[in-house]
Every structure is written in C-alpha cells, then in structure tokens.
Amino acid sequence: MPHNRSRNLGAIVAVCCSWVALLVAPAAAEKRVALVVGNSGYVNTSALANPSNDAGDVAAALKEAGFEVILGLDLEKRAFDAKLRDFARALGGADTALFYYAGHGLQVSGRNHLVPIDAELKGERDLDFEAVSLDFVLRQMELEREGKTNIVLLDACRDNPLARNLARTMGTRSASVGSGLAQVQTGVGTFIAYSTQPGNVALDGTGRNSPFTAALTKGIRLKDRNLTAVMIEVRKEVLAVTQGKQVPWDHSALTGDFYFQLAAAPGGVPPGASPPAPGAGNDALNKRVKELESELERRVDPRQAANIARLEQLRERVRRMEEEGRADQQRIFDTMNRRSSRDEDAQARADKSFEIGRIQVQMSRRNQERQKVLEEIKALEAETGLAPAKAEAR
C-alpha cells in the first residue's frame, strides 16, 4: 500500500510538472510590445513640463519588464502617425500590446483625441487631420488579436487651451467639447486607465513627473502585483499626493490576470530560469494543483468569462452615468438660482440660459446612451444567466 501511495504521488507530481511546463513556457517566451508617447513642446498652445520625462521613465520601466518599446517624444502629426504604423506592424504575434500617452488630449462628442505638438485645431474639421483619434489606436491594437491582452494608459487629462479655443468656434455645438477625456468602450481583452476620472482634469505636477506617472512607474516595477493591484497602489498614491483632487480611473475587459513582472505571475519564472523543482512537500503540491485547476476552469469558457467582464463594465458605466446625471441636475438648480444684480444685462441672462441649455443637451445625450447600455446589460444577463444587479435602475 505505501508503494501504491508513493507511485500515485509520483504520477500526480509528473502531471503537475507537465501542467507547470505548459503554463510557464508561454510566460517566459511572451512577446510584449509597447508604444510610449510623450508630448511636451506644443507650438500653438501652452507647453507641458513633464510628458517627455514621463514617457522616458515609463519606457525604461517597461523595458526592464521585458517589453519591446517604441518611444516617441514631442511628435508632430506626421511623426505620430509613423510611430503608430511601426507599433501596428510590431504587433504581429504579440501577446501583449501596451499604449502609453502623456500630453494634451480632448474629447468631442464623446470621442477622445490625442494632440500632436503642431496641432492648431481652429475648427472641428481639423480634428481628423491634426489630432490622433484614440479609437484608431484601439482598433490597431485589437485588430486580428482576439484573445490577446491590450493595455492603454492615458496621462492626457490636463487642462487644454486648444479645447477651449475649439469650443468657441463651434457655436451651439460647443457643448460637445467636454472636459478631460471621455470613458471609452473597449473590446474584450482590453484594459484602459486614465490619470483621473473621465471628464475631469488632471495635474501636470511640479516635479519631474506627473502624479499619475510617478506612481505608475513605481507600480510597473512591483514584483508581486497584478495589473489591478498596481492600479490600486497608483490610485492610493495619487490621492495622497494631490490631497484627493485627482482620482486615477480604470475599467477592464480583461479575462485573466496580467503581471508586468513575469516572475510574479502564477507559475511564472524569470526569462532563462528553470521552473521550481517538485518535491517541496504535499502542501505545496496540493496548492499548485488547485491553482492549475483554477486556471484551467478559467480557460474552459472564454466567451462566458468575456460576457461577465463586459456585464460588470456596463453596470459600472450605468452607475457613473446616474451619478453624472444627478450632478447635472444640481448644476442646473444652482445656475437657475444664482443671484444676479438688478442691472444684470441681457448678455448675462443669455449666458445663464446658454449654460442651462448646454447642460440639458448633455443630460439628454447621456440618457439616450444609458438606455442603449441598459438594453445591452439585459441581453448579457439573459445570455450569462446572471440575475440583474439590485442597485441597477431599469
């Protein structure tokens, strides 16, 4: 009987080791490609002190983590497009694609645009010719890469005079030029992080780096944190540094864990190192078997996992829209009850009416978007068999 137990344990160890080899080999050989852009030296608007430093420091941290890095500093539109083409070509066979951007950005009609240093943006038509659409970047990252990991890190929510100038040229459509960046809908396998909440403005910082990137470069080098845990640490540090004025934001459609440091991943080993030898004891073996079983379970039905991730993302989006709607209602109330002097001129009254109208248009668009999101949530709940969230208003 002892001989049989020993033989059974040996068989389990052999199977476990083969599973470990299957999981470790891809991790060690994983291809990771990053495009890192920092735009500081703007020609037609205020320059920014930190983005070039930010991009250089992020690039260094990513290289240490095994990324092939394409770095672009102070890019004009033509140079920005060229770097994006190089990035797209490098993504063939890449397991992980990462895009980091620091510099001016703006949102118009819910779409985000990144601003090259030579942009003027004298009118809305100029956006397509002088700016870089974030949707275009995401499309390049997701194209023909089903099941791969995409990470987008945006330190582009700074105060942007170009956005204000553009709004002044758009007349009644000026309400479509929002503050900061808009929340982005992403495909399955994509994680996106903002330096602050969507629609808010972030700080450029007074030191070498912005608050967000200073925390991010530390987070990339953490040895024992997955991406979600890294962003929690980044958020805590930025909140502390900015005294609560800036809250880094992210949303995820990932279907598995991602670690910047490959050695920290479950079953991961540093490139060139050997997997740990078996025989470290039954407890360690049982723990590893359970981890492998869990990993296999997560891989059984990727469609279900993707649907669940998408459902949680949409529920959070509805919650945020409801919060934004309540805030807009309060803004309308405050504007209507704003005390005015008796000799308030017609222009001041017109400005007040314009402000209220702008907010109402924004609320109407948000409500239309919310209904579409709720319909998608209902369809996903039916497909996944998950009950509706109690807090979710229908």
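Scope of the values below: all heavy atoms of this structure, side chains included, with no hydrogens, waters or symmetry mates.
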Between Thr228 and Phe258, does a side-chain contact (heavy atoms from CB on, under 4.5 Å) hold up when you go through it step by step?
CA-CA 8 Å; Thr228 301; Phe258 174 83; over 6 Å; no
Closest heavy-atom pair, Ser195 versus Gln246, reported as atoms and distance to 0.1 Å, is O-NE2, 2.9 Å
Between Glu120 and Lys122, is there a side-chain N and carboxylate O pair less than 4.0 Å apart?
yes
Could you tell me whether the side chain of Lys31 and the main chain of Gly92 form a donor-acceptor pair under 3.5 Å?
yes
Quick one: pull up CE in Met363 and CZ in Arg366 and give me the separation to the nearest 0.5 Å.
7.0 Å
Can a salt bridge be assigned to the pair Glu68 and Lys63 using a cut-off of 4.0 Å between side-chain N and carboxylate O?
no
Does a side-chain N-to-carboxylate-O contact under 4.0 Å join Arg111 and Asp135?
yes
Using atom types as modelled and distance alone, determine if a side-chain donor or acceptor of Arg145 lies under 3.5 Å from a backbone N or O of Ala94.
yes
Calculate, to the nearest 0.5 Å, the distance between atoms CG and CG belonging to Asp250 and Leu227 respectively.
7.5 Å
Interatomic distance, CZ@Arg85 vs CD1@Ile70, rounded to 0.5 Å, equals 12.5 Å
For the pair Arg221 (side chain) and Glu64 (backbone), establish whether a donor and an acceptor sit closer than 3.5 Å, ignoring hydrogens and angles.
no
Heavy-atom side-chain proximity of Gln261 to Lys223 below 4.5 angstrom:
yes
Quick one: does Lys218's side chain get under 4.5 Å of Val234's, heavy atoms only?
no
For the OG atom of Ser133 and the CG atom of Asp128, what is their distance to the nearest 0.5 Å?
8.0 Å
Among the clusters formed by ILVMFWY side chains lying less than 4.5 Å apart, do Met321 and Leu380 turn up in the same one?
yes
Between Val241 and Val238, is there a shared hydrophobic cluster once you connect ILVMFWY residues whose side-chain heavy atoms come closer than 4.5 Å?
no
Can you tell if the side chain of Leu153 reaches within under 4.5 Å of the side chain of Tyr194, non-hydrogen atoms only?
no
Heavy-atom side-chain contact between Arg365 and Glu369 under 4.5 Å
no
Backbone of Asp118 reached by a side-chain donor or acceptor of Asn44 within 3.5 Å:
yes
Okay, side chain of His104, backbone of Ser46: is any donor-acceptor separation there less than 3.5 Å?
yes
Determine whether Val247 and Leu239 make a side-chain contact, defined as any pair of heavy atoms from C-beta on separated by less than 4.5 Å.
yes
What's the verdict on side-chain contact (heavy atoms from CB on, under 4.5 Å) for Arg208 and Asp57, showing C-alpha distance, side-chain angles and the deciding distance?
CA-CA 10 Å; Arg208 173 179 172 81; Asp57 292 348; 2.8 Å; yes
Value for NZ (Lys245) from OG1 (Thr196), rounded to nearest 0.5 Å, stands at 12.5 Å
Can you tell if the side chain of Leu75 reaches within under 4.5 Å of the side chain of Pro116, non-hydrogen atoms only?
no
Lys/Arg N to Asp/Glu carboxylate O, Lys378 vs Glu381, below 4.0 Å:
no
Any side-chain heavy atom of Phe67 sitting closer than 4.5 Å to one from Leu98?
yes
Can you give me the closest heavy-atom contact between Thr217 and Ala214, atom names plus distance?
OG1-O, 3.0 Å
Mind checking what makes salt bridge (Lys or Arg N to Asp or Glu O under 4.0 Å) contact with Arg331, not counting sequence neighbours?
Asp328, Glu355
Write down the atom of Leu222, the atom of Arg225, and the distance for their closest heavy-atom approach.
CD1-CG, 3.6 Å
Residue pair His113 / Leu134, side-chain heavy-atom distance below 4.5 Å
no
Closest approach of Leu48 to Asn39 (non-hydrogen atoms, all atoms of both residues):
CD1-O, 4.1 Å
Residues Ile192, His251; criterion side-chain contact (heavy atoms from CB on, under 4.5 Å); working and verdict
CA-CA 6 Å; Ile192 185 165; His251 68 267; 3.1 Å; yes
Treating Asp257 as the side-chain partner and Asn226 as the backbone partner, does any N or O pair qualify as donor plus acceptor under 3.5 Å?
no
Please name the residue in the list Glu375, Glu376, Glu322, Glu324 that meets the salt bridge (charged side-chain N to carboxylate O under 4.0 Å, His left out) test with Arg370.
Glu322
For the pair Glu130 (side chain) and Leu121 (backbone), establish whether a donor and an acceptor sit closer than 3.5 Å, ignoring hydrogens and angles.
yes
Using 30° and 60° as the class boundaries, would you call the ring planes of Tyr101 and Phe80 parallel, tilted or perpendicular?
parallel
Is a side-chain N or O of Ser364 found less than 3.5 angstrom from the main chain of Gln360, in a donor-acceptor match?
no
Kindly say whether Pro248 contributes a backbone atom to a donor-acceptor pair with the side chain of Arg235 at under 3.5 angstrom?
yes
Using every non-hydrogen atom in the two residues, find where Ser40 and Ser52 come nearest and quote the distance to one decimal.
OG-N, 2.9 Å
Under 3.5 Å, is there a donor-acceptor pair between the side chain of Ser210 and the main chain of Thr213?
yes
Smallest heavy-atom separation, Leu262 atom then Glu30 atom, equals CD2-OE1, 3.6 Å
Show your working on side-chain contact (heavy atoms from CB on, under 4.5 Å) between Tyr100 and Val152 and close with a plain yes or no.
CA-CA 6 Å; Tyr100 169 90; Val152 179; over 6 Å; no
Whether Lys148 and Asp95 form a salt bridge (side-chain N of Lys/Arg under 4.0 Å from carboxylate O of Asp/Glu) is what I want to check.
yes
How long is the straight-line distance from CE of Met141 back to CG of Leu35, given to the nearest 0.5 Å?
8.5 Å
I would like to know whether Asn209 and Asp54 meet side-chain hydrogen bond (donor to acceptor under 3.5 Å, both in side chains); could you show each step before the answer?
CA-CA 5 Å; Asn209 298 118; Asp54 292 337; 2.9 Å; yes
With the 4.5 Å side-chain cut-off for hydrophobic clustering, are Leu143 and Phe136 part of the same group?
no
